*Asks:* 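Pasting a structure here, questions to come.
Note that ligands are numbered from 1 as they come in the structure, with each ligand's atoms numbered from 1 the same way. Remember, it's a predicted structure, so these values are computed and weren't measured experimentally.
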Amino acid sequence: MRIIAGKYGGRRLPASISGSTRPTSDRVREALGSALAARSAFDSAVVLDLFAGTGALGLEALSRGARRVVAVENNPQALRGILANVRELGVGADLTSIKLDLLKSPAAACKRLGELDVGRFTLVFADPPYAELPGLAPLLDALVRNHLCAKHVLFCVEHASTTQFEAPSTLSICGSYRYGDTSVTLLARSLQMGEGDDPSMQESLPPGRRPSAAVYAGSFDPITNGHVAIIRSGLVAFDRIIVAVLTNTNKKPLFSVDERVEMIGDAIGGDLRVEIDRFEHGLLVDYARSKSVRVVLRGLRAVGDFEHELQMANMNRHLGPGIETVFIMANDYFYVSSTLIKEAAALGGDLHGMVPELVERKLREKFGR
Ligand code: PNS
């Protein structure tokens with residue numbers, strides 16, 4: 001096990017795998033590290049490394065510019081390993097390791113973390129034993145509610161690719177990455193309507209103005225560059241967009257919901273103004289209301305879309321008075337649809353430029369091309 005990049009890049013860590021820890025592999029750490037570095041998430045970060053194992057994630061963060069790391073572990077042998085790694089790298093007081101049973105009592109864990117007085121956490125890694133994933137949501141929720149996290153905190157939850165992380169209401173998924181059997185779900189604080197919680201929004205909003213929001217719902221099977229363009233244009237009109245993936249569609253989807261969410265997260269690049277959610281069943285207007293949003297965003301491509309969209313907009317207005325549909329005209333991608341993309345992919349067509357790169361790759365895999 002070694003540090004991948006930054007000032008300790010290439011250095012080997014003496015303590016790697018101890019009996020009961022399942023360390024994040026170098027490969028996942030490398031890919032996640034690049035994704036986080038691209039968001040400047042390490043710069044002067046105050047990092048909380050939950051279920052730290054060997055401490056490699058926290059040490060990687062320190063190497064890449066984090067200011068302070070708190071590594072939490074309950075296994076004494078793993079804790080000794082963290083200390084050995086800290087000594088080897090000579091990071092000294094920049095990393096504090098503590099012994100704590102995180103899942104037993106989130107409240108007690110928060111109290112102990114608060115006593116450390118290291119400042120609010122800006123980056124939180126959570127890599128619990130896979131079987132304990134359901135117990136993680138209350139812990140992360142407690143960290144937010146107990147004011148231990150900065151406003152723009154980013155959570156990285158590592159889990160098996162076969163499961164999905166059910167976020168607490170205080171957090172929203174803003175990205176996800178899949179590295180073979182391992183997935184990482186990125187989460188940011190949920191924006192409560194009217195709170196203007198996102199600091200980047202507060203900067204751009206006149207005092208007192210509530211952030212505007214829209215729901216952009218669809219099957220996204222798969223997301224295309226046309227969808228991405230509508231989301232980007234939508235962010236000119238709205239402070240925040242919830243991309244809602246319809247899970248229960250009449251059409252038999254080519255991609256699973258997890259794959260669709262992963263591809264959207266990858267395409268949007270973790271823009272904190274975009275929330276990716278699943279919309280399981282029921283009416284779209286009810287879903288929008290449940291998110292306290294009053295605008296449904298739709299893209300309009302060619303004239304052919306118009307009649308169906310006019311019907312849907314008016315049906316939604318009837319079903320959900322007070323909820324309006326706003327259309328954005330497609331431009332460069334007016335001829336691109338998920339259906340045509342799948343057809344072209346099945347027949348070996350070149351999709352470059354019409355879909356995000358991950359989608360292109362996954363379509364090639366699906367159709368064995
Ligand atoms: O990507 P799509 O297939 O164009 O998305 C269609 C979607 C999800 C917007 C539409 O099927 C929908 O709103 N479904 C939810 C059920 C509902 O509210 N039906 C009444 C609306 S007319």
Side-chain angles (χ1 to χ4, degrees), residues 172-173 212-235 237-238 240-268 274-346 351 354-356 358-360 362-363 366:
S172 302
I173 295 174
S212 55
V215 166
Y216 183 43
S219 324
F220 302 107
D221 183 40
I223 187 166
T224 68
N225 282 347
H227 293 124
V228 175
I230 298 292
I231 295 169
R232 297 254 169 266
S233 299
L235 286 170
F238 300 99
R240 175 178 163 244
I241 292 180
I242 300 173
V243 179
V245 181
L246 185 69
T247 62
N248 198 3
T249 156
N250 289 336
K251 310 171 208 165
K252 176 151 176 28
L254 176 65
F255 291 102
S256 71
V257 180
D258 284 346
E259 285 176 308
R260 285 182 270 156
V261 168
E262 183 196 359
M263 289 185 282
I264 296 169
D266 185 76
I268 309 299
V274 181
E275 177 185 341
I276 304 164
D277 195 18
R278 291 151 204 259
F279 161 36
E280 313 260 340
H281 44 71
L283 293 173
L284 177 58
V285 287
D286 291 338
Y287 170 80
R289 273 207 197 94
S290 74
K291 303 294 270 183
S292 310
V293 172
R294 294 196 300 188
V295 177
V296 169
L297 176 64
R298 298 287 293 168
L300 262 188
R301 288 168 304 195
V303 168
D305 281 348
F306 182 79
E307 207 163 322
H308 178 57
E309 293 293 340
L310 177 70
Q311 277 183 326
M312 280 215 303
N314 280 294
M315 179 61 92
N316 280 336
R317 198 184 262 143
H318 177 87
L319 296 169
I323 295 193
E324 284 297 330
T325 304
V326 167
F327 293 98
I328 287 186
M329 299 294 172
N331 42 32
D332 297 353
Y333 302 100
F334 70 91
Y335 56 93
V336 176
S337 72
S338 300
T339 308
L340 284 184
I341 286 292
K342 283 180 282 192
E343 189 176 320
L351 303 176
M354 292 193 281
V355 290
L358 178 64
V359 175
E360 201 181 333
K362 281 194 172 275
L363 280 167
K366 283 270 180 213

*Asks:* Considering heavy atoms of the protein only, find what lies nearest to atom 1 (O) of ligand 1 and give residue, atom and distance to 0.1 Å.
*Replies:*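 Sorting protein heavy atoms by distance from atom 1 (O) of ligand 1 puts S219 N, 3.0 Å first.
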
*Asks:* Polar contacts were defined as any N/O atom of the residue lying under 3.5 Å from an N/O atom of the ligand; does this apply to L284 and ligand 1?
*Replies:*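 By distance alone, the answer is yes.
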
*Asks:* Under a 4.0 Å threshold between the charged nitrogen and the carboxylate oxygen, would D221 count as salt-bridged to K252?
*Replies:*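 Salt bridge: no.
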
*Asks:* If you count heavy atoms of other groups shown closer than 6.0 angstrom to CZ of F334, is the number above 12?
*Replies:*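 No, because the 6.0 Å sphere around CZ of F334 holds 12 heavy atoms or fewer from other groups.
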
*Asks:* Any protein heavy atom lying closer than 4.0 Å to atom 12 (C) of ligand 1?
*Replies:*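 There is no protein heavy atom less than 4.0 Å from atom 12 (C) of ligand 1.
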
*Asks:* Stepwise, does the salt bridge (charged side-chain N to carboxylate O under 4.0 Å, His left out) test hold for R317 with E324?
*Replies:* CA-CA 6 Å; R317 198 184 262 143; E324 284 297 330; 3.0 Å; yes

*Asks:* Return the CD1 to CG distance between I341 and N225, rounded to the nearest 0.5 Å.
*Replies:*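 So the CD1 of I341 and the CG of N225 are separated by 8.0 Å.
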
*Asks:* Go through ligand 1 atom by atom and flag the ones less than 4.0 Å from a non-hydrogen atom of F279.
*Replies:*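 Reading through ligand 1 atom by atom, the close ones are 15 (C).
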
*Asks:* With a 4.5 Å heavy-atom cut-off, do S219 and V245 have their side chains touching?
*Replies:*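 SC-SC contact between S219 and V245 ruled out.
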
*Asks:* Considering E309, H281, H308, R298 one by one, which has a heavy atom nearer to atom 9 (C) of ligand 1 than any of the others?
*Replies:*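 Among E309, H281, H308, R298, the closest heavy atom to atom 9 (C) of ligand 1 belongs to R298.
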
*Asks:* Among all protein heavy atoms, pick the one closest to atom 19 (N) of ligand 1 and tell me residue, atom and distance.
*Replies:*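 Here the closest protein heavy atom is L283 CD2, 4.1 Å.
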
*Asks:* Is the backbone N or O of F255 less than 3.5 Å from a side-chain atom of R260, with the two atoms forming a donor-acceptor pair by type?
*Replies:*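 Yes; at least one donor-acceptor contact below 3.5 Å.
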
*Asks:* Strictly below 4.0 Å, N to O, side chains only: are D277 and K291 in salt-bridge contact?
*Replies:*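 The answer is yes: the pair qualifies as a salt bridge.
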
*Asks:* Got more than 12 heavy atoms from elsewhere within 6.0 Å of CE, M315?
*Replies:*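 Not buried by this count: 12 neighbours or fewer within 6.0 Å.
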
*Asks:* Look at atom 16 (C) of ligand 1 and say which protein heavy atom is nearest, naming residue and atom and giving the distance to 0.1 Å.
*Replies:*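 Answer for atom 16 (C) of ligand 1: G282 O, 3.6 Å.
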
*Asks:* Which residue and non-hydrogen atom of the protein lie closest to atom 21 (C) of ligand 1, and at what distance in Å?
*Replies:*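 The protein heavy atom lying closest is N316 OD1, 3.3 Å.
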
*Asks:* Among all protein non-hydrogen atoms, which one is nearest to atom 8 (C) of ligand 1, and what is the separation to 0.1 Å?
*Replies:*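 Result: L246 CD2, 3.7 Å.
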
*Asks:* How far is atom 5 (O) of ligand 1 from its nearest protein heavy atom, and which residue and atom name does that atom have?
*Replies:*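 Of the protein heavy atoms, G218 CA, 3.4 Å lies nearest.
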
*Asks:* Counting only heavy atoms, tell me which of H318, R317, M312, M315 gets closest to atom 10 (C) of ligand 1.
*Replies:*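 Comparing heavy atoms across H318, R317, M312, M315, the nearest one to atom 10 (C) of ligand 1 lies in M312.
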
